[in-house]
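Source: prediction; values computed, not measured.
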Number of protein chains: 2
Amino acid sequence: MGVIDRKEREKVEMKRQILDAARSLFLEQGFEKTSIRNIAEVIEYSAGTIYLYFKDKNEILFALHVEAFGALMQAMQAGIMSENDPFERLVALGKHYLKYAFENPELYDLMFVMTAPMETLECREEIWCDGERAFETLKFVVGECMQAGYFEGFDNETFSVMVWSLVHGLATLHLRRRTMIFAEEKRIQLLEDAYAQFVQIIKQYKSLAA
Amino acid sequence: MGVIDRKEREKVEMKRQILDAARSLFLEQGFEKTSIRNIAEVIEYSAGTIYLYFKDKNEILFALHVEAFGALMQAMQAGIMSENDPFERLVALGKHYLKYAFENPELYDLMFVMTAPMETLECREEIWCDGERAFETLKFVVGECMQAGYFEGFDNETFSVMVWSLVHGLATLHLRRRTMIFAEEKRIQLLEDAYAQFVQIIKQYKSLAA
DNA sequence: TGCATTTCTGAACACTGTTCATTTTATTTG
DNA sequence: CAAATAAAATGAACAGTGTTCAGAAATGCA
């Protein structure tokens, strides 16, 4: 029965086409302003066809969400591997997280800012699993730092939330254009400096406790 | 000419009615899901009437934006006044910022997360002025801390960006439901602890430099 | 009262997400 | 190969959206 195999392949290919078109449109003009008809036009099918492959618009967002988390996890893993010292690993983790956010603004948005998929798919456990796995990675690296004598006396989870909040704050302030209040040429520098400053502060904390 | 005075008053009152209805609907069900017809229904006028008072839906958002910043500034000023020590002032500033964010989620969203008004009204200088004034307040307090010997060797603006990013990160992670990965009963505690931890770390930094 | 202004309405336009009977296309069977 | 069956794609329809604008209603002034 090679036919049903091929049918399966074709279904997957079609989903791919839809997702690719949707991602590029979302990146270009955002989720709300992209219509199903827009996506259908790109892949040269009628709007109704899309509903044969995805339940609704949110399901498309959800599929992209899963893929985006996969990519982020990969980027973060790469960051971890490139360093040996636990603290430098944490620093690299944050850097790669920020890099990913700046290079994939709409996807980052979808993963950590958008509420649309969260509200409609609140029951969906999988959505949180992705986020949790990423956070577990952070906690793991923070744990390694602690074993190496850093951040003494702090709770791992709490400390990880603090680190996450800081990088997430830097990312969203910029992605949502709130750094507009600064001169254009120094925006990125300011964010990088702020991150470097944070790193310096938490690093020093160890020296004191030690 | 008491007539045109009254007309003026009536115009202002009508704008108030529209803004109040809009704010409550936005808070309830969000910006996107609130339609002009919804707002019109609440104030018992036809949809077309609203366009006699506001250019479009974004203009309503913008007006609420201005008011919301006024309220935040007031909340922050109150926070500053209640403390004498510069560092405690900074701590209180952050606390009140977070308090405002958690108590006015949709307004905070509109001020620091939404891109809708930013894109459409990109040319509008006033929008940035509000944000800038709030940031200047933070910088001022950080400056006072520095004069008192805290955060030695750091750049005021960079340091302020770091502080802002942290509290903004805490706020948005929670408002956008990303703290769902934690047990419900400890979510708020975790955020408060993370903030307290951050405060402890930046406070300690001074002791070392001194 | 009559006339001029201002205020408001409600229909219309082009768009949205989504559904579904109908048509087109592909596969299997006789 | 032709007919019957199954699968896939369509496009019209529905109820909704933001926005505009000719005309109706209300108001102000003489």
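- No more than 12 heavy-atom neighbours from other residues, nucleotides or ligands sit within 6.0 angstrom of CZ on Phe140(A).
- In this entry the distance linking CZ of Phe54(B) with P of dG18(D) reads 15 Å, nearest Å.
- Note on Tyr53(A): only backbone sugar-phosphate atoms sit closer than 4.0 angstrom, heavy atoms only; bases stay farther off.
- The Asp56(A) side chain lies nearest to dT18(C) when the options are dT17(D), dT18(C), dA7(D).
- Ring geometry for Phe31(A) versus Phe26(A): interplanar angle over 60°, hence perpendicular rather than tilted (30 to 60°).
- Looking at Tyr45(B) and Ile39(B), their side chains never come closer than 4.5 Å, going by heavy atoms from C-beta outward.
- Listed by first and then second residue, the salt bridge (charged side-chain N to carboxylate O under 4.0 Å, His left out) pairs that reach into residues 180-190 of chain B are Glu157(A)-Lys186(B), sequence neighbours excluded.
- The side chain of Ser46(A) sits closest to dT10(D) out of dT19(D), dT10(D), dT16(C).
- By the 4.5 Å heavy-atom criterion applied to side chains, Tyr97(A) and His168(A) are counted as neighbours.
- Contact annotation for Tyr51(B): base contact, defined as any heavy-atom pair under 4.0 Å involving a base atom.
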* Starting at the 5' end of DNA chain D, write a dot or bracket for each base, bracketing those in Watson-Crick or G-U wobble pairs whose two distances are under 3.5 Å and using | for partners on another strand. => ||||||||||||||||||||||||||.||.
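- In terms of polar N and O atoms assigned as donor or acceptor, the side chain of Arg37(A) comes within less than 3.5 Å of the base of dG17(C) in a complementary pairing.
- Pairs of residues two or more places apart, or lying in two chains, that qualify as salt bridge (charged side-chain N to carboxylate O under 4.0 Å, His left out) and include a residue from residues 60-79 of chain B are Arg16(B)-Glu67(B), Arg23(B)-Glu67(B).
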